[in-house]
Enquirer: 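Sharing a structure with you now.
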Amino acid sequence: QVQLVESGGGLVQSGGSLVLSCAASGNVFGFDLMAWYRQASDKPRELVGSITSGGAPNYADSVKGRFTISRGSAEKPVTLQMHSLKPDDTAIYYCYGLNKDGIGYWGQGTQVAVSS
């Protein structure tokens, strides 16, 4: 059983920065793909960015140039650095991991709120 737990969310003013981390516990052998998703009120969950085990990142157009996703250890497999935050970035941010067997895991989410 693998558990993912996000941290680092909070309230920040427009133009500010936050760093989100994702901690993994349980039967952790490494993930082929790690990603961050977000879900704003009354909107579907959307991909923010993803990164392969080889370190190749991919970003949503809305965050390119402002967010950076990076891989880490098996216990802390992914981090999301967020800069130049906008009110539209307000959402619950979720960590997602896809293991080598094709099984996906979700964290419980961390709230990010950006005030104008």
Side-chain angles (χ1 to χ4, degrees):
Q1 188 76 13
V2 174
Q3 287 189 319
L4 299 177
V5 179
E6 303 90 341
S7 62
L11 174 63
V12 64
Q13 289 187 334
S14 182
S17 299
L18 285 173
V19 178
L20 303 185
S21 297
C22 178
S25 62
N27 192 17
V28 177
F29 288 103
F31 295 94
D32 271 353
L33 180 79
M34 295 299 304
W36 288 94
Y37 285 77
R38 67 185 181 187
Q39 187 167 17
S41 298
D42 300 324
K43 291 185 178 180
R45 192 171 296 190
E46 63 175 1
L47 177 67
V48 174
S50 63
I51 187 166
T52 65
S53 57
N58 178 59
Y59 299 98
D61 288 343
S62 59
V63 306
K64 281 181 181 176
R66 301 187 299 121
F67 291 12
T68 301
I69 189 169
S70 56
R71 294 292 298 245
S73 66
E75 291 76 21
K76 292 186 179 181
V78 69
T79 299
L80 183 68
Q81 298 182 52
M82 306 186 295
H83 301 289
S84 302
L85 283 162
K86 307 173 183 179
D88 284 349
D89 295 317
T90 295
I92 298 175
Y93 284 69
Y94 297 91
C95 175
Y96 174 79
L98 182 69
N99 72 7
K100 300 180 187 301
D101 295 325
I103 299 173
Y105 297 89
W106 290 95
Q108 293 298 308
T110 185
Q111 176 72 55
V112 171
V114 184
S115 63
S116 56

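Quick note: numbers below take in every heavy atom, side chains included, and nothing from hydrogens, waters or symmetry partners. Note that the coordinates shown come from a computational prediction; the quantities given were computed from them, not determined experimentally. Here, residue 1 is the first one in the sequence, and each next residue gets the next number.
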Enquirer: Starting at SG of Cys22, measure out to CG of Leu80 and round the result to the nearest 0.5 Å.
Expert: 10.5 Å
Enquirer: Looking at Gln111 and Gly10, would you say the former's side chain and the latter's main chain have a donor-acceptor pair under 3.5 Å?
Expert: no
Enquirer: Counting distance only, does the side-chain N/O of Asn99 pair as donor-acceptor with the main-chain N or O of Asp101 below 3.5 Å?
Expert: yes
Enquirer: Would Leu98 and Trp106 show up in the same hydrophobic cluster when neighbours are defined by side-chain heavy atoms closer than 4.5 Å?
Expert: yes
Enquirer: Would you say the side chain of Leu20 lies within less than 4.5 Å of the side chain of Arg38, judging by non-hydrogen atoms?
Expert: no
Enquirer: Taking Tyr59 for the side chain and Ile69 for the main chain, is one N or O donor matched with an acceptor at less than 3.5 Å?
Expert: yes
Enquirer: Measuring only between side-chain heavy atoms, which start at C-beta, is Leu18 closer than 4.5 Å to Val112?
Expert: yes
Enquirer: Between the main-chain N or O of Met82 and the side-chain N or O of Arg66, is there a donor-acceptor pair closer than 3.5 Å?
Expert: no
Enquirer: Shortest non-hydrogen contact from Ser116 to Pro87?
Expert: CB-CG, 3.9 Å
Enquirer: Over all heavy atoms of both residues, which pair between Leu47 and Ala35 is shortest? Give the atoms and the distance, please.
Expert: CD1-CB, 3.9 Å
Enquirer: Within a strict 4.5 Å, meaning less than it, do heavy atoms of the Val2 and Phe31 side chains meet?
Expert: yes
Enquirer: Atom CD of residue position Gln39 - does it have more than 12 heavy atoms of other residues, nucleotides or ligands inside 6.0 Å?
Expert: yes
Enquirer: Going by the angle between their ring planes, with limits at 30° and 60°, are Tyr96 and Tyr37 parallel, tilted or perpendicular?
Expert: perpendicular
Enquirer: Can you check whether Gly109's main-chain N or O pairs, donor with acceptor, with Glu6's side chain at less than 3.5 Å?
Expert: yes
Enquirer: For residues Tyr105 and Leu4, report the shortest heavy-atom separation together with the two atoms involved.
Expert: O-CD1, 3.4 Å
Enquirer: In terms of ring plane angle, is the pair Phe67 and Tyr93 parallel, tilted or perpendicular, where the classes change at 30° and 60°?
Expert: tilted
Enquirer: How close do Val78 and Ile51 get, counting heavy atoms only, and between which atoms?
Expert: CG2-CG2, 4.2 Å
Enquirer: Ion pair present between Asp61 and Lys64, side-chain N to carboxylate O less than 4.0 angstrom?
Expert: yes
Enquirer: Go through it in stages, so that I can follow the logic: the residues are Ser53 and Arg71, the test is side chain to side chain contact (heavy atoms under 4.5 Å, CB included), and I'd like the CA-CA distance, side-chain angles, deciding distance and then a yes or no.
Expert: CA-CA 8 Å; Ser53 57; Arg71 294 292 298 245; 4.2 Å; yes
Enquirer: Could you pull out the closest heavy-atom pair between Gly107 and Tyr94, with the gap in Å?
Expert: O-CD2, 3.6 Å
Enquirer: Any non-hydrogen side-chain atom of Met34 less than 4.5 Å from a side-chain atom of Cys95?
Expert: yes
Enquirer: Say whether, by atom type as modelled, one donor and one acceptor occur between the side chain of Thr79 and the main chain of Ser21 under 3.5 angstrom.
Expert: no
